[in-house]
Protein chains: 2
Amino acid sequence: MSYTKTEENYLKAIYGIESKFGESVSTNMLANKLETKASSVTDMVKKLAKKELITYEKYQGVSLTECGKDIAINIIRNHRIWEVFLVEKLKYKWDEVHEIAEQLEHIKSEELVDRLDDFLEHPSFDPHGDPIPDKKGNIPTRKEAIQLNELAIGEEGIIVGVKNTNNEFLQYLEEMNLTLGKKIKVEKEFDFDKSKIIKIEKESVTISKEVSSNLIIEKSQ
Amino acid sequence: MSYTKTEENYLKAIYGIESKFGESVSTNMLANKLETKASSVTDMVKKLAKKELITYEKYQGVSLTECGKDIAINIIRNHRIWEVFLVEKLKYKWDEVHEIAEQLEHIKSEELVDRLDDFLEHPSFDPHGDPIPDKKGNIPTRKEAIQLNELAIGEEGIIVGVKNTNNEFLQYLEEMNLTLGKKIKVEKEFDFDKSKIIKIEKESVTISKEVSSNLIIEKSQ
DNA sequence: TAATATCTTTAGACAAGTCTAAAAATATAT
DNA sequence: ATATATTTTTAGACTTGTCTAAAGATATTA
């Protein structure tokens, strides 16, 4: 069975909202995420429910069935593997690859992404630090990955991911040199606005609470 | 300006027929090539004419404008570069890549294929031996590429392409070991059906006129 | 050149996905 | 608990690309 790009995007969006806010995704949330109208969502949601990819009760929102979840995870797998390819092989910056991967993730071929995965030597995390599900849908975890704002003064860690993949945010990080794999140390914290001074490659920079709560850190030791 | 997958496929099909049979492509020929109905073709052809990608007069067939031709060539460029990637990097066989490349060729990104082209070190020919247009639409030529059936008895050459990219044909070639880059020599020809005996890697095989007229050979010396 | 065959276009319909506007259900506030 | 606001659904319409069936051109053949 094969699904349309649109169906796949709905499933992916539902999966994303579910894993952020728990089950039962509302029509409006979906409309928001997919940049469409609530009425369109209602239509599509009925269609997906008929195909048993989601459960749907009028006015009660939707949630993925096992089958729907498998499909969503697979699309995410495709997306992230393509992102690795674009960054590692085609030398894109990590903040340039999202839109292209949005297209590539829908290419219909059982084999293609598996071969790409071989070619890339089975990466576990994408260039944003997000985990890449394996073929069976298992999602790798990281030991002790926490948000930067949970790091106490004096503690160190390595940037391994970002929570917010918004383009402007990624460009800000690029600008500030806060890129994946960099080692950082918390030097000071200002109570009044929760901003922090951190050390990165011998330089000290100040970042807002907004920023520190969106950076994922792998704590050193 | 960006075009739909369907529009791009029509342009590509028109280009393909034009370069095989000359200008003025008939509705039926297009319907045939695109595996659709003549009435659908008429509809789409009107749309493309309105966008000035083709010229169209009722009952007189169509032909590409300069602009339409540029787009068609660009799609072909995309297709062939992706094929090189699939074969060289992902280790597909040359007869397995067509359908996937049909999808990949429509990915919308100015930059993507150029970067891929860099990554692949600017190949001039795809795995089927077809020339890859450059970014400006220039199509590389080969010196002395001829059809195998134009080769006289005793002459030698290297297989550099196929005219017919039909899947069954490609699989037949694979089976017979008549793959790209192989050196062959014409040993004998049977007048009554124009079949030939050729030598390839110390083996002698018989091929029909059908086959020898669809193999492109680069003549030795 | 008249009759027939083939090709092409038109007219009207359909499916997918979207939209607006209005109605129905649910949630919130006084 | 009633009024108000918000969310969700329905109804009907639009677009893209397709189709069938029938009508209109063009080509072929006698």
Side-chain angles (χ1 to χ4, degrees), chain A residues 1-14 17-18 20-64 68 71-72 75 102-103 105-106 108, chain B residues 1-14 17-18 20-64 68 71-72 75 102-103 105-106 108:
Chain A
M1 214 133 301
S2 188
Y3 304 94
T4 67
K5 209 182 219 173
T6 315
E7 288 171 332
E8 288 180 350
N9 280 334
Y10 270 81
L11 295 174
K12 192 173 60 144
I14 296 167
I17 298 171
E18 267 189 1
K20 223 179 195 168
F21 302 99
E23 290 188 15
S24 201
V25 175
S26 77
T27 303
N28 256 7
M29 268 171 141
L30 262 179
N32 225 43
K33 182 140 189 171
L34 291 163
E35 295 182 293
T36 183
K37 295 297 148 87
S39 55
S40 309
V41 172
T42 303
D43 289 345
M44 178 53 88
V45 135
K46 283 180 185 168
K47 207 177 127 187
L48 294 174
K50 193 177 276 174
K51 295 191 180 183
E52 301 192 48
L53 300 173
I54 61 177
T55 59
Y56 164 60
E57 267 190 289
K58 267 192 192 179
Y59 297 101
Q60 302 309 142
V62 302
S63 62
L64 292 171
I71 295 164
I75 301 298
E102 289 281 286
Q103 297 181 62
E105 71 188 10
H106 300 290
K108 258 75 196 164
Chain B
M1 214 132 301
S2 187
Y3 304 94
T4 68
K5 211 183 219 174
T6 314
E7 289 171 333
E8 289 180 350
N9 280 334
Y10 270 83
L11 294 174
K12 193 174 57 143
I14 296 167
I17 298 171
E18 266 189 2
K20 224 180 195 167
F21 302 98
E23 288 188 19
S24 200
V25 175
S26 77
T27 303
N28 255 8
M29 268 173 141
L30 262 178
N32 224 43
K33 182 141 191 169
L34 291 163
E35 294 182 293
T36 184
K37 296 294 147 91
S39 55
S40 309
V41 172
T42 303
D43 289 344
M44 178 53 88
V45 136
K46 283 179 187 168
K47 207 176 127 188
L48 294 174
K50 193 177 277 175
K51 295 190 180 182
E52 300 192 47
L53 301 172
I54 60 177
T55 59
Y56 164 60
E57 268 190 290
K58 269 192 191 179
Y59 297 101
Q60 302 310 143
V62 302
S63 63
L64 292 171
I71 296 165
I75 302 298
E102 289 281 286
Q103 297 181 61
E105 71 189 9
H106 300 291
K108 258 75 196 163

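Letters A, B, ... mirror the listed sequences (proteins, then strands); counts begin at 1.
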>> Tell me every residue that passes salt bridge (Lys or Arg N to Asp or Glu O under 4.0 Å) with B/E7, counting only those two or more places apart in sequence or in another chain.
In response: B/K47, B/K51
> What residues, two or more places apart in sequence or in another chain, satisfy salt bridge (Lys or Arg N to Asp or Glu O under 4.0 Å) together with B/K37?
Replying inline: none
> Does a side-chain N-to-carboxylate-O contact under 4.0 Å join A/E8 and A/K108?
Replying inline: yes
In whole Å, I'd like the distance from the [atom1] atom of [X] to the [atom2] atom of [N].
X: A/K46; N: D/dT9; atom1: NZ; atom2: P; value: 8 Å
X: B/M44; N: C/dT10; atom1: CE; atom2: C1'; value: 17 Å
X: B/L48; N: D/dT16; atom1: CG; atom2: C1'; value: 13 Å
X: B/L30; N: C/dC7; atom1: CG; atom2: C1'; value: 14 Å
X: B/K51; N: D/dT16; atom1: NZ; atom2: C1'; value: 10 Å
X: A/K50; N: C/dA16; atom1: NZ; atom2: P; value: 10 Å
X: B/D43; N: C/dA11; atom1: CG; atom2: P; value: 11 Å

Distances for protein N/O vs nucleotides 22-29 of chain D N/O pairs under 3.5 angstrom?
unit_1 : atom_1 : unit_2 : atom_2 : d
D/dA25 : O4'    : B/Y59  : OH     : 3.4

>> Rounded to the nearest 0.5 Å, what separates atom OG in B/S24 from atom CD1 in B/I17?
In response: 11.0 Å
> Got a second to check how far A/E35's CD is from A/L30's CG, nearest 0.5 Å?
Replying inline: 13.0 Å
Looking at [X], I'd like to know whether one of its side-chain N or O atoms comes within less than 4.0 Å of OP1 or OP2 on [N].
X: A/Y56; N: D/dT9; result: yes
X: A/N28; N: D/dT6; result: no
X: B/T42; N: C/dT9; result: yes
X: A/Y3; N: C/dA16; result: no

Name the atoms and distances for all side-chain donor-acceptor pairs under 3.5 Å in residues 53-64 of chain A, with sequence neighbours left out.
unit_1 : atom_1 : unit_2 : atom_2 : d
A/T55  : OG1    : A/S63  : O      : 3.4
A/T55  : OG1    : A/S63  : OG     : 3.2

> Across the strands shown, which category fits B/T6 at heavy-atom distances under 4.0 angstrom: base, sugar-phosphate, nothing?
Replying inline: sugar-phosphate
>> By the 4.0 Å heavy-atom rule, please label B/K5 as base, sugar-phosphate, or nothing.
In response: nothing
> Nearest to the side chain of A/T27, which nucleotide is it out of C/dT18, C/dT10, D/dT8?
Replying inline: D/dT8
> Run the side chain to side chain contact (heavy atoms under 4.5 Å, CB included) check on B/H106 and B/Q103 step by step: do they pass?
Replying inline: CA-CA 6 Å; B/H106 300 291; B/Q103 297 181 61; 6.0 Å; no
> Sequence neighbours excluded, which residues qualify as side chain to side chain contact (heavy atoms under 4.5 Å, CB included) partners of B/N28?
Replying inline: B/S26, B/A38
>> salt bridge (Lys or Arg N to Asp or Glu O under 4.0 Å), that's the test. Do A/K12 and A/E102 meet it? Break it down for me.
In response: CA-CA 11 Å; A/K12 192 173 60 144; A/E102 289 281 286; 2.8 Å; yes
>> Can you list, in residue-number order, the parts of residues 31-39 of chain B that come under 4.0 Å of DNA chain C, counting heavy atoms only?
In response: B/A38, B/S39
